[in-house]
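Working notes for the structure below.
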Amino acid sequence: MSVVALVPAAGRGERLGAAVPKALVELDGEPLLVHAVRGLWASGCVQHVVVAAPPTQCDVVTAALSSLGAAVTVVPGGAERTESVWLALQAALAAVPDTEVVLVHDAARAFTPPAMIRSVVDAVRAGAPAVIPVLPLADTVKQVDAEGRVLATVDRASLRAVQTPQGFERGVLVRAHRAAAAAALGATDDAGLVERLGEPVLTVPGHTDAMKITTPFDLAVATALLTHRGLA
Ligand SMILES: Nc1ccn([C@@H]2O[C@H](COP(=O)(O)OP(=O)(O)OP(=O)(O)O)[C@@H](O)[C@H]2O)c(=O)n1
Ligand SMILES: C[C@](O)(CO)[C@H](O)COP(=O)(O)O
């Protein structure tokens with residue numbers, strides 16, 4: 001059962017505000033994207049990785065990933081995350097026609113534990129059409145209006161923060177992205193597209209190390225994590 005991982009890495013990283021696209025920002029001497037792909041490969045359950053790169057940086061990305069010894073295809077990404085994933089998915093199906101399970105994993109979640117990646121794949125292999133790693137929320141959550149006035153306190157017991165990799169049975173993800181492309185409708189995650197099909201989405205436990213590096217604060221936290229563990 002071939003497992004392919006798609007890595008959307010084409011974002012500009014505006015909230016991080018670095019001089020290069022976020023996926024190419026270095027931590028411990030290597031781009032975030034290289035850390036992310038190393039983790040996918042270390043999981044031992046991924047046969048091929050397709051990276052959606054910043055369109056002007058495909059050669060740089062290919063060179064950066066060349067030393068990992070992973071089977072990698074690099075394609076130019078799109079203007080939105082959903083488009084980048086769709087472009088990578090089409091390239092994956094051409095490169096690995098017998099793909100059965102597809103993971104979609106943000107380059108920005110560079111330090112996701114390989115064991116968590118395996119748990120997502122295992123759940124899809126066990127029959128779930130779509131699987132997402134999640135964490136409970138630590139803060140009280142309020143709903144506010146456009147002026148910032150509180151409308152309600154939301155019951156957080158049933159809320160979850162969503163991470164990647166998200167795992168899918170191949171046909172479900174293809175149908176979800178085809179429908180999104182036809183309707184010109186994106187979503188902030190791929191499971192959101194699957195939900196629109198009415199397909200069930202299963203959750204598995206996420207991990208704090210799979211944090212999305214979005215802001216300079218997040219980058220500092222990730223650096224501290226690596227140092228703390230003696231990895232940097
Ligand atoms: N057009 C886009 C936009 C985002 N992404 C990827 O989707 C992941 C999650 O997006 P996010 O972390 O929000 O990254 P950016 O869009 O780069 O961040 P910002 O909104 O701050 O610019 C990242 O790995 C990012 O590279 C992508 O492949 N193509
Ligand atoms: C897919 C995702 O990582 C799930 O939490 C997230 O939605 C992507 O971040 P973005 O800022 O919405 O692109």
Side-chain angles (χ1 to χ4, degrees), residues 5-27 30-40 49-58 60-61 64-65 72-92 102-112 116-117 120 130-138 159-168 173 176-177 180-181 184-196 201 203-219 221-222:
L6 315 180
V7 182
R12 288 189 298 278
E14 284 175 0
R15 288 168 287 181
L16 189 60
V20 294
K22 183 164 68 180
L24 294 172
V25 168
E26 293 197 357
L27 210 163
E30 288 186 313
L32 294 178
L33 172 64
V34 172
H35 290 286
V37 174
R38 181 181 289 116
L40 285 165
V49 179
V50 179
V51 174
T56 60
Q57 306 286 333
C58 288
V60 174
V61 164
L65 293 168
V72 179
T73 299
V74 177
V75 298
E80 304 294 336
R81 184 183 180 283
T82 302
E83 192 188 348
S84 293
V85 173
W86 180 220
L87 292 167
L89 178 56
Q90 293 171 84
V102 184
L103 297 179
V104 185
H105 186 42
D106 291 335
R109 296 187 188 271
F111 302 103
T112 300
M116 192 186 111
I117 297 168
V120 172
V131 177
I132 60 173
V134 299
L135 289 176
L137 302 187
L159 298 179
R160 297 290 181 271
V162 175
Q163 300 182 322
T164 72
Q166 301 189 345
F168 304 93
L173 189 64
H177 270 274
L185 276 177
T188 56
D189 73 341
D190 300 279
L193 305 180
V194 169
E195 289 156 37
R196 284 193 202 132
V201 177
T203 65
V204 294
H207 196 289
T208 47
D209 287 6
M211 61 180 280
K212 184 155 75 70
I213 298 170
T214 305
T215 64
F217 175 81
D218 300 330
L219 194 61
V221 171

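Read the numbers this way: they start at 1 and go in the same order the structure lists the ligands and their atoms.
Residue-level proximity to ligand 1 for Glu80 is carried by the backbone, the only part with a heavy atom below 4.0 angstrom. Contact annotation for Ser84 and ligand 1: only side-chain heavy atoms (C-beta onward) come within less than 4.0 Å of the ligand.
Look at Ala23 and you'll find every heavy atom at least 4.0 Å from all atoms of ligand 1.
Remark: ligand 1 atoms within the under-4.0 Å shell around heavy atoms of Ala108 are 12 (O), 24 (O). Residue-ligand proximity, Glu14 to ligand 1, at heavy-atom distances under 4.0 Å covers atoms 19 (P), 21 (O), 22 (O). Counting the atoms of ligand 1 from 1 in the order shown, those under 4.0 Å from a heavy atom of Lys212 are 11 (P), 12 (O), 13 (O). Every atom of ligand 1 is numbered from 1 in the order shown, and the set under 4.0 Å from a heavy atom of Ala9 is 26 (O), 28 (O). Each of the following atoms of ligand 1 lies closer than 4.0 Å to a heavy atom of Ala79: 1 (N). Listed by number with element, the atoms of ligand 1 under 4.0 Å from a non-hydrogen atom of Ala107 are 24 (O). If you number the atoms of ligand 1 from 1 as listed, the ones under 4.0 Å from a heavy atom of Arg12 come out as 17 (O).
Scanning the protein heavy atoms around atom 28 (O) of ligand 1, the nearest turns out to be Ala10 N, 2.9 Å. Scanning the protein for heavy atoms near atom 17 (O) of ligand 1, the closest one is Gly13 N, 2.8 Å. Of the protein's heavy atoms, Pro8 O, 3.4 Å lies nearest to atom 6 (C) of ligand 1. In this structure, the protein non-hydrogen atom closest to atom 8 (C) of ligand 1 is Asp106 OD1, 3.3 Å. In this structure, the protein non-hydrogen atom closest to atom 11 (P) of ligand 1 is Lys22 NZ, 3.5 Å. Nearest to atom 4 (C) of ligand 1 among the protein's heavy atoms is Gly11 CA, 3.5 Å.
You'll find the side chain of Thr112 stays beyond 4.5 Å of the side chain of Gln163, heavy atoms only.
Remark: Thr215 pairs with Asp218 by the side-chain hydrogen bond (donor to acceptor under 3.5 Å, both in side chains) rule, at least two apart or across chains.
There is a protein heavy atom closer than 4.0 angstrom to atom 19 (P) of ligand 1.
A salt bridge links Arg81 with Asp190: at least one charged nitrogen is closer than 4.0 Å to a carboxylate oxygen.
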Atom pairs, nitrogen or oxygen, ligand 2 to protein, under 3.5 angstrom:
residue, atom, partner, partner atom, Å
ligand 2, 3 (O), Asp106, OD2, 2.5
ligand 2, 3 (O), Arg109, NE, 3.3
ligand 2, 3 (O), Arg109, NH2, 2.9
ligand 2, 5 (O), Arg109, NH2, 2.9
ligand 2, 5 (O), Val162, O, 2.6
ligand 2, 7 (O), Thr188, O, 2.8
ligand 2, 9 (O), Lys212, NZ, 3.4
ligand 2, 11 (O), Arg15, NH2, 3.0
ligand 2, 11 (O), Lys212, NZ, 3.4

